[in-house]
Amino acid sequence: MSDLNCFATDAARRCQGRVIRYTILLLALITTLGSMPAIAAGQTAAGSLASRDELSASAAQAEQSRNPLLAAAIRQRLRDGDFQVGDRILLSVYSDAVHTDTLVVRDGRVIDLPGKAVLPLAGVMRSELKDRVTAEVLKYVKAERVEVTPLTRIGVLGEVARPGYFAMRSDIPITDAIMQAGGPTASADVERSVVRRASHEYRSADETRQAVAKGLTLDQFGLTAGDELVVGRQRQFFTTGMSAALGTVASLAAIFFAVRR
């Protein structure tokens, strides 16, 4: 009876994994269709980047949940800001024509803006970036609108079709990040995904599952440059080695019974 339970559980997990993969595909399609005008204009959706107040509340919640490592990471983010040397920012200035440029955060955590202005980004959150950049650009350039899109270079690894590192918009949902890496493979179990930072687990499978279910963006989940989203793999009841061993035992058993006849 226990063997039947194991097989039933394994079959249920495989079915659940397929449902999750199809759900991610559907969510990614809906999100993409719903946000196409914003992406085309280089805009960031309201509420898709965590504010300073939201992060302070998250840090307090992490402390209450006895998760000091997460609380410390959030406090450091609040203190140091989101931007590191090498990060990229898309800037579009709408005046008589549209002028688009990719800014790179250079040594000292500063960026060079039109008009030879230099803007320090130490201590600046992604949610604060647009206001800071817009105010500085308008000092030197007449513009109808300024759009600012921060990018985050993260790894999407594990059970995805095209694992690797990608410079992604910080305001896209985690599901979109998975789809940009080709989507889950047939053996993926998204519910077992984790986030690694500096080779250590930064967000557990349970935390990542909840973030995916809530539709959190990369920024809202606290991912920063260099983090790795590792899509989990389904548990297999029989490993390749076990299957080979069972096959050998079955063959020997067949020979034994054939000889006994």
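Worth knowing before you read on, the calculation uses all heavy atoms, side chains too, and leaves out hydrogens, waters and symmetry mates. Numbering starts at 1 and runs along the sequence shown.
With values rounded to the nearest 0.5 angstrom, Glu136 atom CD is found 4.0 Å from Lys139 atom NZ. The CD1 atom of Ile154 sits 5.0 Å away from the CE atom of Met168 when rounded to the nearest 0.5 Å. With rounding to the nearest 0.5 angstrom, the CD1 atom of Ile174 is 6.5 Å from the CG atom of Leu218. Atom OG of Ser48 sits about 11.0 Å away from atom CZ of Arg126, to the nearest 0.5 Å. Atoms CG and CE, from Leu55 and Met125 in turn, are 4.5 Å apart once rounded to the nearest 0.5 Å. Here the straight-line distance linking atom OG1 of Thr224 with atom CG of Asp87 works out to 6.5 Å at 0.5 Å rounding.
Here the side chain of Asp219 pairs no donor or acceptor atom with the backbone of Asp171 at under 3.5 angstrom. Of the possible donor and acceptor atoms, one in the side chain of Gln234 sits under 3.5 Å from a partner among the backbone N and O of Ala186. In this structure, the side chain of Thr100 does not engage the main chain of Ser92 through any donor-acceptor pair within 3.5 Å.
Cluster membership check: Leu91 does not share its hydrophobic cluster with Val118, using side-chain heavy-atom separations under 4.5 Å among Ile, Leu, Val, Met, Phe, Trp and Tyr. A single hydrophobic cluster is not seen to contain both Val110 and Ile89; linkage of ILVMFWY side chains at heavy-atom distances under 4.5 Å, directly or through other members, places them apart. Cluster annotation: Ile178 is connected to Phe221 through the hydrophobic network of ILVMFWY side chains, with a link wherever side-chain heavy atoms come within less than 4.5 Å. In the hydrophobic clustering of this structure, Tyr140 groups with Val137; members are Ile, Leu, Val, Met, Phe, Trp, Tyr whose side-chain heavy atoms approach within less than 4.5 Å, directly or through other members.
Taking the side-chain hydrogen bond (donor to acceptor under 3.5 Å, both in side chains) definition, one finds that Glu228 meets it with Tyr165, Arg196, sequence neighbours left out. Among residues two or more places apart in sequence or in another chain, the side-chain hydrogen bond (donor to acceptor under 3.5 Å, both in side chains) test is passed with Thr134 by none.
The minimum heavy-atom distance linking Phe83 with Val124 is given by the pair CD1-O, 3.5 Å. Between Pro163 and Leu157 the shortest heavy-atom distance is CB-CA, 4.1 Å. Between Arg233 and Ser187, the shortest heavy-atom contact is NH1-OG, 3.3 Å. When all heavy atoms are compared, the tightest approach of Val93 to Ala143 is CG1-CB, 3.6 Å. In terms of heavy atoms, Gly182 sits closest to Ala161 at O-CB, 3.5 Å. The heavy-atom pair separating Glu54 from Leu49 by the smallest distance is OE1-O, 4.0 Å.
More than 12 heavy atoms of other residues, nucleotides or ligands lie within 6.0 Å of CD in Glu201, so this atom counts as buried by the packing criterion.
Within the 4.5 Å cutoff, the side chain of Ser56 has heavy atoms near those of the Leu78 side chain. By the 4.5 Å heavy-atom criterion applied to side chains, Leu121 and Leu129 are counted as neighbours. Counting heavy atoms from C-beta on, the side chains of Leu70 and Glu207 come closer than 4.5 Å. Using a 4.5 Å heavy-atom cutoff, the side chains of Val194 and Tyr202 are not in contact. Within the 4.5 Å cutoff, no side-chain heavy atoms of Ser170 are placed close to those of Thr217. Within the 4.5 Å cutoff, side-chain heavy atoms of Arg209 are placed close to those of Asp206.
Between Arg77 and Asp82 a salt bridge is recorded (basic side-chain N to carboxylate O distance below 4.0 Å).
A donor and an acceptor atom, one from each side chain of Gln180 and Asp176, are nowhere located under 3.5 Å apart.
The one candidate from Leu151, Leu103, Ile111 that meets the side-chain contact (heavy atoms from CB on, under 4.5 Å) condition with Arg88 is Leu151.
Identified under the salt bridge (Lys or Arg N to Asp or Glu O under 4.0 Å) test for residues 101-116, with sequence neighbours left out: Arg106-Asp112.
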Would you check, one step at a time, whether the test side-chain contact (heavy atoms from CB on, under 4.5 Å) holds for Asp96 with His99?
CA-CA 9 Å; Asp96 54 335; His99 304 275; 3.8 Å; yes
Using the rule given for side-chain hydrogen bond (donor to acceptor under 3.5 Å, both in side chains), can you reason through Arg203 versus Thr208, listing the C-alpha separation, both sets of side-chain angles and the distance that settles it, and then say yes or no?
CA-CA 6 Å; Arg203 290 299 189 109; Thr208 306; over 6 Å; no
